[in-house]
Amino acid sequence: MTSVTDSSRPARGAPGRDRRRRGPDHGAWFLVLPALIPILVLSVGPLLYGILLAFTDAQSGRTEPTRWIGTLNFQDLMHDTLFWESFRVGLVWAVGVTVPQFLLALGLALLLDQNLRLRFLARGLAIIPWAMPEVVVGIMWRLVYNPDAGILNETLRDLGLGDGRDWLSGLATALPAVIVVGVWAGMPQTTVALLAGLQNTPRELHEAAAVDGAGAWRRFRTVTWPALRPVALAITALNLIWNFNSFALVYVLTNGGPGGRTRLPMLFAYEEAFRYGQFGYAAAMGCVLVAVISIVLAVFLAGRLKGGLKDGLKGGDEA
């Protein structure tokens with residue numbers, strides 16, 4: 001019996017059909033454009049303009065045209081002790097906020113992961129600081145730190161621990177006081193991320209470790225932490241970047257004072273641009289900060305890729 005084939009229909013795997021399958025899908029670009037255009041206009045465009053501005057002598061209020069001065073702004077920046085002091089303050093602030101933030105958030109996430117009564121209410125209360133704008137947080141904590149009628153000084157007086165002090169104006173207390181606020185304001189987002197990582201850890205592993213006689217610390221070290229480590233590394237790297245780039249919270253609390261003790265790099269660049277009108281010089285500061293953040297991201301991503309490659313090779317060897 002002779003079989004009849006339809007010559008108009010290409011056979012499976014025919015060159016024409018494969019070419020159509022592998023060809024570029026121009027229609028996909030129309031789906032990407034709504035998200036791509038805002039990124040190009042609001043992020044990439046200002047970034048490129050800021051880099052270009054860093055090589056000029058752009059100033060506010062000048063009548064002469066802006067000139068191209070090459071790397072002169074960067075040369076001046078290398079010898080600007082005030083900028084590097086703000087850079088040091090920014091590093092102290094970023095590390096001083098990120099480390100306690102992570103440790104406290106980890107403890108809170110472990111607590112909220114337990115089967116407690118009214119757990120849903122505790123989780124809701126834990127994210128309240130995250131829902132508040134930074135300006136509101138700054139104003140609220142200024143009232144807490146108020147030297148005359150603040151709740152902190154009133155509590156110290158009631159406990160007989162002194163007459164209180166001006167926490168945000170003291171040279172020795174301003175930065176620690178601001179760090180406390182940064183930890184309180186940023187801890188909820190870290191808690192949420194760690195709690196999500198904890199809930200993705202299989203319960204069977206904890207049960208098996210408990211059956212084998214492992215205590216709470218051993219279960220955390222051998223079961224919880226290995227599963228939580230990728231989330232912990234990611235949120236810690238993001239917190240370092242976010243905290244180093246902080247502006248609004250410190251601006252509301254201290255405006256960089258007293259004596260520059262809380263002047264973060266972003267606040268210093270803001271003052272150079274909008275208080276003194278040195279747009280080119282401020283743009284050079286921004287370029288340096290972007291470069292530093294890019295290096296931190298590159299180191300983090302390289303470490304993550306290296307760790308993923310090692311895990312993949314280990315899994316292949318075990319297989």
Side-chain angles (χ1 to χ4, degrees), residues 10 15-56 58 66 94 98 101 105 123-124 126-138 182 185-197 199-200 230-252 264-267 269-270 273-274 279-280 282-305 307-309:
R17 185 170 180 176
D18 289 342
R19 191 179 300 112
R20 290 195 300 271
R21 181 180 299 174
R22 293 193 298 266
D25 189 0
H26 298 288
W29 284 102
F30 292 99
L31 301 177
V32 177
L33 281 178
L36 187 61
I37 290 177
I39 294 176
L40 293 175
V41 173
L42 301 176
S43 298
V44 179
L47 176 62
L48 295 178
Y49 179 72
I51 295 174
L52 179 65
L53 199 65
F55 295 93
T56 67
T66 300
T98 301
Q101 197 176 79
R123 290 180 177 179
I127 65 173
I128 287 179
W130 193 11
M132 299 173 64
E134 286 188 323
V135 174
V136 176
V137 172
M187 193 172 66
Q189 62 187 9
T190 308
T191 302
V192 170
L194 295 177
L195 183 59
Q199 291 182 337
N200 286 330
V231 178
L233 291 175
I235 194 62
T236 301
L238 291 176
N239 282 339
L240 276 172
I241 295 172
W242 288 332
N243 292 327
F244 188 77
N245 286 332
S246 294
F247 172 80
L249 188 61
V250 179
Y251 180 79
V252 174
L264 303 182
M266 287 299 176
L267 184 56
Y270 169 83
F274 298 104
F279 294 124
M285 293 181 187
C287 290
V288 172
L289 297 177
V290 168
V292 170
I293 294 170
S294 300
I295 292 172
V296 173
L297 275 176
V299 171
F300 170 73
L301 292 176
R304 292 291 299 125
L305 292 175
L309 180 60

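Just so it is clear, the model here is predicted, and its values are computed rather than measured.
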Inset, instruction - Supply the atom-to-atom distance I39 CD1 to L36 CG, rounded to the nearest 0.5 angstrom. - result: 6.0 Å

Inset, instruction - For P38 and P34, work out which heavy atoms get closest and say how close. - result: CD-O, 3.0 Å

Legend entry - Reported CG-to-CG distance for the pair L249 and L267, which is rounded to 0.5 angstrom: 11.5 Å

Legend entry - L289 side chain reached by F244 side chain, heavy atoms, under 4.5 Å: yes

Legend entry - Side-chain touch V192/W130, heavy atoms, less than 4.5 angstrom: yes

Legend entry - S246 side, atom OG; I241 side, atom CD1 - distance, nearest 0.5 Å: 12.0 Å

Legend entry - L233 vs T236 side-chain heavy atoms within contact, under 4.5 Å: no

Inset, instruction - Give a yes or no on whether the backbone of L40 and the side-chain of S43 come within a donor-acceptor separation of less than 3.5 Å. - result: no

Legend entry - Separation between CG of L240 and OG1 of T98, rounded to the nearest 0.5 Å: 4.0 Å

Legend entry - Non-hydrogen side-chain atoms of L48 and L52 separated by less than 4.5 Å: no

Inset, instruction - Taking the side chain as every heavy atom from C-beta outward, state whether L238 and Q189 have any atom pair closer than 4.5 Å. - result: no

Legend entry - Validation row: N243, Q101 side chains within 4.5 angstrom (heavy atoms): yes

Inset, instruction - Mind telling me whether F247 and Y251 have parallel, tilted or perpendicular rings, with 30° and 60° as the class edges? - result: parallel

Inset, instruction - Determine the minimum heavy-atom distance between A269 and M285, stating which atoms define it. - result: CA-SD, 3.7 Å

Legend entry - Spacing of N239 atom CG and T190 atom OG1 [to the nearest 0.5 Å]: 4.0 Å

